[in-house]
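Naming convention: chains lettered A, B, ... in sequence-line order (proteins, then strands); numbering from 1 in each chain. FYI, side chains are in, hydrogens and waters are out, and symmetry mates aren't considered; it's all heavy atoms of this structure.
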Number of protein chains: 2
Amino acid sequence: MSRISELVKVKKCSGEFVLAVNDTMNVLNGKWKLPIIGSLLYGKKRFKELEREIPKITPRMLSKELKDLEVNSIVTRTVYNTTPVTIEYELTKSGNSLNTVLDAMIGWGLQHRKMVIGKKEKVAETVRV
Amino acid sequence: MSRISELVKVKKCSGEFVLAVNDTMNVLNGKWKLPIIGSLLYGKKRFKELEREIPKITPRMLSKELKDLEVNSIVTRTVYNTTPVTIEYELTKSGNSLNTVLDAMIGWGLQHRKMVIGKKEKVAETVRV
DNA sequence: ACTTATGCTATACCAAAGTATAGCGATATA
DNA sequence: TATATCGCTATACTTTGGTATAGCATAAGT
């Protein structure tokens with residue numbers, strides 16, 4: 001039985017579940033988190049590499065979002081004392097495990113698209129006062 | 001193999017996957033979508049019922065979000081010609097199937113909390129220039 | 001000496017998201 | 001007649017998120 005089904009049947013513990021969902025949403029929210037995480041799934045990257053790979057992101061936002069992800073233990077920031085300093089960003093174990101969530105999202109998204117396209121007329125027919 | 005793993009290995013089709021993830025995010029984003037969907041997972045509801053069940057939501061936001069969810073085929077809005085009219089909101093099949101995504105989120109959120117709490121010191125130690 | 005790159009931060013601004021408050025037309029309830 | 005409920009909408013405001021532009025310290029290349 002799925003956890004949400006449990007949640008539906010047993011109201012107990014729902015607080016904990018709601019918290020967990022919110023945590024996940026907060027980690028992913030905003031315009032840039034997904035592109036950043038997506039890019040880091042391919043391996044660790046430096047600041048400028050990310051800037052180049054993510055179209056239209058400003059350094060301000062990249063800096064801000066990376067800090068945010070670091071605070072939430074999604075990425076680690078490692079400083080190497082080369083000259084000049086080299087800094088690398090890498091997904092943590094938690095960060096990497098987000099792929100299960102992303103998989104679920106991909107699955108739902110693809111299925112939903114199919115359904116919606118299939119029922120296009122029905123959707124348009126929706127009753128309105 | 002997970003779909004994201006495929007995505008990582010085969011860059012082909014990643015566009016489709018990105019679209020799918022964005023669809024899912026868009027369906028869930030904002031402050032009120034989750035509470036509304038969560039509430040409707042228990043069964044169909046009328047406007048005032050939702051308003052009562054979701055603390056602090058204003059009718060403006062409830063109206064707006066329901067319309068949004070309807071446009072995205074997550075809920076249906078059915079008008080009964082009683083006097084005065086009765087209107088019921090209910091999750092579509094797609095809407096209901098969001099529980100798989102929510103399950104993944106619950107799973108990740110719970111695990112992440114455990115990890116972060118476990119590594120609290122390590123997180124604090126993170127190197128900073 | 002001059003340009004380029006790295007890894008950012010500061011300031012100012014703008015647009016989207018959300019809040020607060022009021023009200024409406026219809027009907028039911030006292 | 002007065003008040004309350006339903007299912008909203010309108011207007012104005014605030015807060016948050018994101019953009020644009022500039023700049024800085026360090027150092028490597030030419």
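Comparing D:dC8, C:dC8, C:dT27 by their nearest atom to the side chain of B:P84 picks out C:dT27. The side chain of A:E65 lies closest to D:dG18 when the candidates are D:dG18, C:dT27, C:dG7. The listed nucleotides are D:dC8, C:dT6, C:dT19; the one nearest the side chain of B:R77 is D:dC8. Here the nucleotide nearest the side chain of B:K48, chosen from C:dT19, D:dC6, C:dC8, is D:dC6. The side chain of A:W32 approaches D:dG18 more closely than any other nucleotide in the set D:dC6, C:dC8, D:dG18. Across C:dG18, D:dG7, C:dG7, the shortest atom-to-atom separation from the side chain of B:F47 is found for D:dG7.
In this structure, A:K64 does not reach the D:dG17 phosphate: none of its side-chain N or O atoms is under 4.0 Å from OP1 or OP2. Of the side-chain N and O atoms in A:K67, one or more sit less than 4.0 angstrom from OP1 or OP2 of C:dT9. Contact check, A:S63 against C:dT9: a side-chain N or O comes under 4.0 Å of OP1 or OP2. At the phosphate of D:dC8, OP1 or OP2 sits under 4.0 Å from a side-chain N or O atom of B:Y89.
When rounded to the nearest whole Å, the span between CD1 of B:I87 and P of D:dT5 equals 18 Å. Between the CG atom of B:L66 and the P atom of D:dC6 there is a distance of 15 Å, given to the nearest Å. One atom, NZ of B:K31, and another, C1' of C:dA20, lie 13 Å apart when rounded to the nearest Å. When the P atom of D:dG7 is taken as reference, atom CG of B:L50 falls 10 Å away, rounded to whole Å. When the P atom of C:dT9 is taken as reference, atom CG of A:L62 falls 11 Å away, rounded to whole Å. Here the P atom of nucleotide C:dT6 and the NZ atom of A:K45 are 15 Å apart, to the nearest Å. Following rounding to the nearest Å, B:N81 (CG) and C:dT27 (C1') show an atom-to-atom distance of 15 Å. Between A:I36 atom CD1 and D:dG17 atom C1' there is a gap of 14 Å when expressed in whole angstrom units.
Between the A:H112 side chain and the B:S73 main chain, no donor and acceptor come within less than 3.5 Å of each other. Without hydrogens or angle criteria, A:W108 side chain to B:A20 main chain gives no donor-acceptor distance under 3.5 Å. Using a distance-only test at 3.5 Å, with no hydrogens or angles considered, no donor-acceptor pair links the side chain of B:K64 to the main chain of B:R60.
Between B:K67 and B:E70 there is no salt bridge, since no side-chain N of the basic residue sits under 4.0 Å from a carboxylate O of the acidic one. No salt bridge links A:E49 with A:R52; every basic N to acidic carboxylate O contact stays at or beyond 4.0 Å.
Residue-level contact check: B:K56 touches neither bases nor backbone, having no heavy atom under 4.0 Å from any strand. Residue-level contact check: A:R60 touches the bases, meaning some heavy atom is under 4.0 Å from a base atom.
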